[in-house]
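First listed ligand is number 1; within each ligand, the first listed atom is number 1. Numbering starts at 1 and runs along the sequence shown.
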Amino acid sequence: MSSDIPKERFNFIEEIINKDRENNKHDGRVHTRFPPEPNGYLHIGHAKSICLNFGIAEKYQGLCNLRFDDTNPEKEEVEYVESIQADIKWLGFDWGDRLYYASDYFSELYQLAVNLIEMGKAYVDDQSAEEISLGRGTPTRPGIESPFRNRSVDENLDLFKRMKDGEYQEGAKVLRAKIDMSSPNMHLRDPIMYRIRHTPHHRTGNAWCIYPTYDWAHGQSDAIEGITHSVCTLEFEVHRPLYEWFIEQLDLFPSKQYEFARLNIGFTIMSKRKLLELVQEKVVSGWDDPRMPTISGLRRRGYTPEAIRNFCDRVGVARRDGVIDVALLEFSIREDLNAKAPRRFGILDPLKVVITNYPEEKEEWLPAVNNPENPDAGTREIPFTRELYIERGDFMEDPPRKFFRLGPGREVRLKYGYIIKCEDYQKDPETGEVTTLLCTYDPQTKSGSDTSGKKVKGTLGWVSAKYTLDAQIRLYDRLFSSEDPAGHPEKDFKEFLNPNSLEIAQGKVEYSFKNARPWDFFQFERQGYFIIDQDSEPGALVFNRTVTLRDNWAKQQHK
Ligand code: ATP
Ligand code: MG
C-alpha cells in the first residue's frame, strides 16, 4: 500500500452541497450535526461520521452541531455523554457553543405533537405493543387500522395530556401518527411517536413520563436547529419519507437527509451493543481496552487523531455497504508514527550478553539517532557496558546460512555500538535454555569511527544490563481472528475472539525511559510502535504495542 492512494476531491454529499450552493439553497448556508445516542462509547465508525459532518462544516465555512439523541431515559448516560465529548475534541473537532440534547426539545416536540393531533394527523392508541406490531402487517401484506384510529380530536388531546400527566401505566397507550396503514413503506404505517416510560431521564429528571421515539424526535430536532444537510447512515434511507411527512405537515424548516454507507472494518465489530457485551462480560478491560475499536481504545493503543482522520479520509464516502481492510487503518498509524515517533531500544524477550574483553567498570555513552525521518529530533546518548541484553530471537545455536544475526562464531553490529563476535554460550542444564552469550568486541569498530574495514550483514538492537529498566510490554493484536466476526448468525460473535490478542512480555528497555510519562509514544527499533500506558509509573513501566512495523498478517496469508 502506498501513501498516494487517490483522495476524492469531493465526495457525493459534497457534490450535492456544491449544487445546492450554486442554486443558493438556504442562502448557501451549510449546517450539519453529529447526533450520537449516549448509550456507549464512540467507535471508529462514529469517527467516520464525525470527520464527515465536521469536515463538511470546515470545508464550507459552515457549522456543525453536537446533538445528543437522548430520547431513551437511561442511567449510565452521563459517563457516555462525557466520553463522547472528550473523543470528538481529541479528534480535533469543535462544536463551539452548539452543544444540544434532543431532550432540550421535549416541550417543543410535545407541542408539535399536539399540533398534529389538532390537524387530525395523530391519535392515541390503546392497543398493546403486540397488537400494534401485528396490525402493522408485513412488507407484502398491508396493515390493519387500529380500532382507536378514528377517535375525535378532543378525545385525543385529552388522552395525550393525561398520558403526559402520568395517569397511565407503561404500555397502556401510545401516540401514533395517522398516515397510511397500507403504505408499501412500513415506516408510514401509523408509526409510534410517544411511549409511556415511568423512568427518570438523566437531564429532565421526573419532568416527563412520555418519551418521543427516535423517528419522531430526530427529524424535528434537525428542523429546530436549522440543519441544512442531515447526514446519516444507509439504514435510515427508508425512514426518510416519514421524516419528510412530519416536516411537511408541520411546515417546519426543510432539513434534507442524505445517507452514506456505514464504515465496516475487517476483524472488527462495530455495534455498541456488542461492544458493551465485551465490556460487561469482562472479555476486555473496559471501553478503552486497547483492543477495542472505540476511539478511547484506539487512543490508549497509541493511535493518533491524525492517523484516524487520514484513515477516514482515505476510506472515502460510499453509497453502498462494504468492508474496509483493517490493514488500511494499520497503514495510517504506521505512516503517522513513522514520521513522529522517537526511536528507542526495547527488548521484549531479553537474552544476556557478556562482552568478555570489555573492562568491568568501563562505560561509554554513545550517540544514537532519535528519528532518521526527522533531523530536528537530534540524538541521545545510550550507555555501552560489559553486560548487555539482546532479543532472544536474535541468537540461534545452529543457525541456517541466511540467518544474519548471532550464532556461534558469528559477527554482528550492535547498532550505534561495536561489532561483536559470539565466542561461546551458556545453557541452563535443566531446561536447556540458552542463558548467556559470551562475546568479544572489536574496539576498532565503534560506530561513527570504525577503522576496521569489517563488514557484517546483521545489526541488532540492545540495551545495557547495568542501566536497563524493566518494563511490562503488552503485545496487542487483533481482537478477532475472523474477518467478519458478526457475520455468522448461527454463532456467537465471541467464538471468534483471537486467543492471542494480548500477550504480556517482561522486557528490558533503555535508560532514557527513566523520565517517560504515560501517552509518550516510541518506536522500538525493529519491533514496532509502542505507547506508554496510563497504568505506567516510574519504576513500573507499562508499554502498549500500537502496531508492528510490518503487516504480519499479510505475510502469514501469503505464506
Ligand atoms: P451502533 O450501531 O454502533 O450502536 P448507532 O448508529 O446506534 O451505532 P449512534 O450513536 O446513533 O450509533 O450514531 C451516531 C451517528 O454516527 C449516526 O449518525 C450514525 O449514523 C453514525 N454512525 C454509527 N455507526 C457508524 C458507522 N459504522 N459508520 C459510519 N457512521 C456511523
Ligand atoms: Mg443509532
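Ion pair K256/E244 flagged as a salt bridge, since at least one NZ, NE, NH1 or NH2 atom sits closer than 4.0 Å to an Asp/Glu carboxylate oxygen. Classification of D533 and R300 as a salt-bridged pair holds, one side-chain N sitting under 4.0 Å from a carboxylate O. Note on R33 versus D69: no salt bridge recorded, every NZ/NE/NH1/NH2 to OD/OE distance being 4.0 Å or above. Of the charged side-chain nitrogens involved, none lies within less than 4.0 Å of a carboxylate oxygen, so that E373 and K340 do not count as a salt-bridged pair. Of the charged side-chain nitrogens involved, at least one lies within less than 4.0 Å of a carboxylate oxygen, so that D104 and R203 count as a salt-bridged pair. Salt bridge status for R21 with D27: absent, with no side-chain N to carboxylate O gap under 4.0 Å.
Considering M270, E37, R33 only, the shortest heavy-atom separation from atom 11 (O) of ligand 1 involves E37. Here atom 31 (C) of ligand 1 lies nearest to G45 when heavy atoms of A47, G45, P36 are compared. Here atom 27 (N) of ligand 1 lies nearest to L263 when heavy atoms of L276, L275, L263 are compared.
Counting the atoms of ligand 1 from 1 in the order shown, those under 4.0 Å from a heavy atom of S49 are 16 (O), 21 (C), 30 (N). Which parts of ligand 1 touch F260 is read off a 4.0 Å heavy-atom cut-off, strictly below it: atoms 29 (C), 30 (N). Residue contact check: T233 has heavy atoms under 4.0 Å from atoms 19 (C), 20 (O), 29 (C), 30 (N), 31 (C) of ligand 1.
Among the atoms of S271, none of the N or O lies under 3.5 angstrom from an N or O of ligand 1. Considering both main-chain and side-chain atoms, E235 never comes within under 3.5 Å of ligand 1 through any nitrogen or oxygen pair.
Ring planes of Y243 and H239: tilted class, angle from 30 to 60°.
When heavy-atom distances to ligand 1 are checked against a 4.0 Å cut-off, H43 comes that close only through its side chain, counted from C-beta outward. Only the side chain of F34 comes within contact range of ligand 1, with a heavy atom under 4.0 Å; no backbone atom does.
The closest approach between any non-hydrogen atom of F236 and ligand 1 is not below 4.0 Å.
A ring-centre distance under 6.0 Å is found for F160 and Y110.
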